[in-house]
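A short worksheet on the structure shown next.
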Protein chains: 2
Amino acid sequence: MANETSYKDKKVITIGIVSELTGLSERQIRYYEERKLIFPDRTPGGSRKYSFSDVELLMEIAEKIEDGVQTHEIRKEMTRSKKKLTPEEAKRRMIQGQLNVQFGLRKGPFS
Amino acid sequence: MANETSYKDKKVITIGIVSELTGLSERQIRYYEERKLIFPDRTPGGSRKYSFSDVELLMEIAEKIEDGVQTHEIRKEMTRSKKKLTPEEAKRRMIQGQLNVQFGLRKGPFS
DNA sequence: TAACTATGTAAGGAAATCTAACATGTTATT
DNA sequence: AATAACATGTTAGATTTCCTTACATAGTTA
């Protein structure tokens, strides 16, 4: 009942497009998956599918990599920030959720 | 300066996924393009790319087709409604635009 | 020095998409 | 009624996109 999902989290983007969007090579994107930083869905045929959230995350990862942070460090940071998020961020997310309900797709398949 | 675009209008979805999302066959989706109801982008290699807005539009088209409306009628309706939209809808869209600015992607490539 | 990290590249194969053409049942038009 | 247009399926062959695996390598860590 809670936690409605919107466009942002729908996994519909193939790796080629993600590569274009992020500027990362497909090699890099697959590697970050191997290092458990990103978790695409798959088509029945086995092609990877990403969401806009994934694209955002990949860009954050790219920044950290550029700053010399290693994948396993990034992984730790991620599990850490997944655990406890600031009250402000929590509130912001709840508001966003409300907005999604109010103004999101009407009767579409993305609610 | 005005008219910022968000996830919803980014053309990043391939036809197979659109087909899944809408329940339409790829044949149908290509045909509606031929009838000028939908306008996907293309990759350099020539593959079609759609946005979530396109997906929504396709679902509306599908409904009308089911109701027996012909493509060229739908086309007329579309150009007509593109011209003048109700004040309520206009207002709703402006509010939505504001929300995108407030709560959309921070410094990402989709603003 | 030996292992690990991050990335490139190549090969071969499979999946996804493309266009064009033909078939068909259903609606319009004449 | 005959002809044309509409909407969709299907097939074929070509091209694009994606997959995994493996090897190479420069830089980093142990």
Side-chain angles (χ1 to χ4, degrees), chain A residues 10-52 54-80, chain B residues 10-52 54-80:
Chain A
K10 272 238 150 214
K11 306 222 175 197
V12 296
I13 316 178
T14 52
I15 198 169
I17 309 274
V18 171
S19 173
E20 255 198 15
L21 256 28
T22 59
L24 295 168
S25 69
E26 298 186 11
R27 181 67 168 93
Q28 286 175 305
I29 297 168
R30 294 196 190 99
Y31 179 66
Y32 300 152
E33 176 183 356
E34 189 183 320
R35 303 316 303 268
K36 306 229 190 300
L37 300 181
I38 192 91
F39 305 92
D41 280 359
R42 298 280 184 143
T43 65
S47 295
R48 275 166 264 249
K49 296 185 299 180
Y50 303 85
S51 67
F52 281 111
D54 291 333
V55 170
E56 281 187 46
L57 181 51
L58 280 168
M59 294 193 306
E60 289 176 24
I61 291 168
E63 268 191 46
K64 291 182 186 169
I65 294 279
E66 279 174 38
D67 295 351
V69 186
Q70 293 191 170
T71 52
H72 80 275
E73 266 306 319
I74 298 175
R75 171 131 185 70
K76 277 191 220 164
E77 286 176 34
M78 279 174 50
T79 51
R80 239 181 283 129
Chain B
K10 272 235 155 226
K11 306 226 176 196
V12 297
I13 316 178
T14 53
I15 196 167
I17 310 273
V18 172
S19 173
E20 254 196 17
L21 255 29
T22 60
L24 296 168
S25 69
E26 298 185 10
R27 181 67 168 92
Q28 287 174 302
I29 297 168
R30 292 195 191 101
Y31 179 67
Y32 300 153
E33 177 183 357
E34 189 182 320
R35 303 316 302 268
K36 307 228 188 302
L37 300 181
I38 192 93
F39 305 93
D41 279 358
R42 298 279 184 142
T43 64
S47 295
R48 273 166 264 248
K49 297 186 297 180
Y50 303 85
S51 67
F52 280 112
D54 291 332
V55 170
E56 282 186 45
L57 181 51
L58 280 169
M59 294 193 305
E60 289 175 25
I61 292 168
E63 269 191 45
K64 292 183 186 170
I65 293 280
E66 279 175 39
D67 295 351
V69 186
Q70 293 190 172
T71 51
H72 79 277
E73 265 307 317
I74 298 175
R75 172 131 184 69
K76 280 190 219 164
E77 286 176 34
M78 280 174 51
T79 50
R80 239 181 285 129

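Letters go in sequence order (proteins before strands), and every chain restarts at 1.
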Subject >> salt_bridge(A:Lys76, A:Glu73) N-O dist < 4.0 Å >> reply: yes
**OP:** For the side chain of A:Arg27, starting at C-beta, report the closest nucleotide among D:dT20, C:dT7, C:dT5.
**Re:** C:dT7
Original post:
At their closest point, which heavy atom of A:Ile29 faces which heavy atom of A:Val18, and how far apart are they?
Top reply: CD1-CG1, 3.7 Å
**OP:** Specify the separation, in whole Å, of atom CD of B:Glu34 and atom C1' of D:dT8.
**Re:** 11 Å
Subject >> Rounded distance (Å) that lies between atom C1' of C:dA6 and atom CG of A:Leu24 >> reply: 12 Å
Subject >> B:Gln70, nearest nucleotide to its side chain (from D:dT20, C:dA28, C:dA21) >> reply: C:dA28
Original post:
Is any side-chain N or O of B:Ser25 closer than 4.0 Å to OP1 or OP2 of D:dG9?
Top reply: yes
Original post:
Distance check: side-chain N/O of A:Arg48 vs OP1/OP2 of D:dC18, anything under 4.0 Å?
Top reply: no
**OP:** Measure from the side chain of A:Arg30, starting at C-beta and using heavy atoms only, and say which of C:dT17, C:dG8, D:dC18 lies closest.
**Re:** D:dC18
**OP:** Using heavy atoms to find the nearest nucleotide of DNA chain D for B:Val69 and A:Gly16 separately, return the residue whose nucleotide is more 5′.
**Re:** B:Val69
**OP:** Indicate whether OP1 or OP2 belonging to C:dT7 is found under 4.0 Å from a side-chain N or O atom of A:Tyr31.
**Re:** no
Original post:
Looking only at side-chain N and O atoms, does A:Thr14 come under 4.0 Å of OP1 or OP2 in D:dC18?
Top reply: yes
Subject >> For atom CD1 of A:Ile74 and atom P of C:dT5, their distance in whole Å >> reply: 13 Å
Original post:
At what distance, to the nearest 0.5 angstrom, does CD1 of A:Ile15 lie from CZ of A:Arg48?
Top reply: 5.0 Å
Original post:
So which one's nearest nucleotide on DNA chain D is more toward 5', B:Arg35 or A:Gly45?
Top reply: B:Arg35
Original post:
Would you say the side-chain atoms of B:Asp67 pair up with the backbone N or O of B:Lys64, donor to acceptor, closer than 3.5 Å?
Top reply: no
Original post:
Does B:Tyr32 have a side-chain nitrogen or oxygen under 4.0 Å from the phosphate oxygens OP1 or OP2 of D:dA7?
Top reply: no
**OP:** Please report, rounded to the nearest Å, how far the C1' atom of C:dT17 is from the CD1 atom of A:Ile15.
**Re:** 18 Å
**OP:** Identify, between B:Glu26 and A:Gln28, the residue whose nearest nucleotide on DNA chain C lies closer to the 5' end.
**Re:** A:Gln28
Original post:
Once you round to the nearest 0.5 Å, how far does CZ of A:Arg30 lie from OG of A:Ser19?
Top reply: 9.0 Å
Original post:
Rounded to the Å, how far apart are B:Ile17 CD1 and C:dT17 P?
Top reply: 7 Å
**OP:** Map A:Ile65 and A:Thr43 onto DNA chain C by nearest heavy atom, then report which one ends up closer to the 5' terminus.
**Re:** A:Ile65
Original post:
Rounded to whole angstrom units, what separation is found between the CD atom of A:Glu33 and the C1' atom of C:dA6?
Top reply: 16 Å
**OP:** Take the protein atom CZ of A:Arg75 and the nucleotide atom C1' of C:dT5, then report the distance between them rounded to whole Å.
**Re:** 17 Å
Original post:
Of all heavy-atom pairs between A:Met78 and A:Leu37, which one has the smallest distance, and what is that distance?
Top reply: CE-O, 3.4 Å
Subject >> Of the listed nucleotides C:dA16, C:dT19, D:dT20, the one nearest the side chain of A:Ser47 >> reply: C:dA16
Original post:
Atom CG of A:Asp41 and atom P of D:dC19: how far apart are they, to the nearest Å?
Top reply: 13 Å
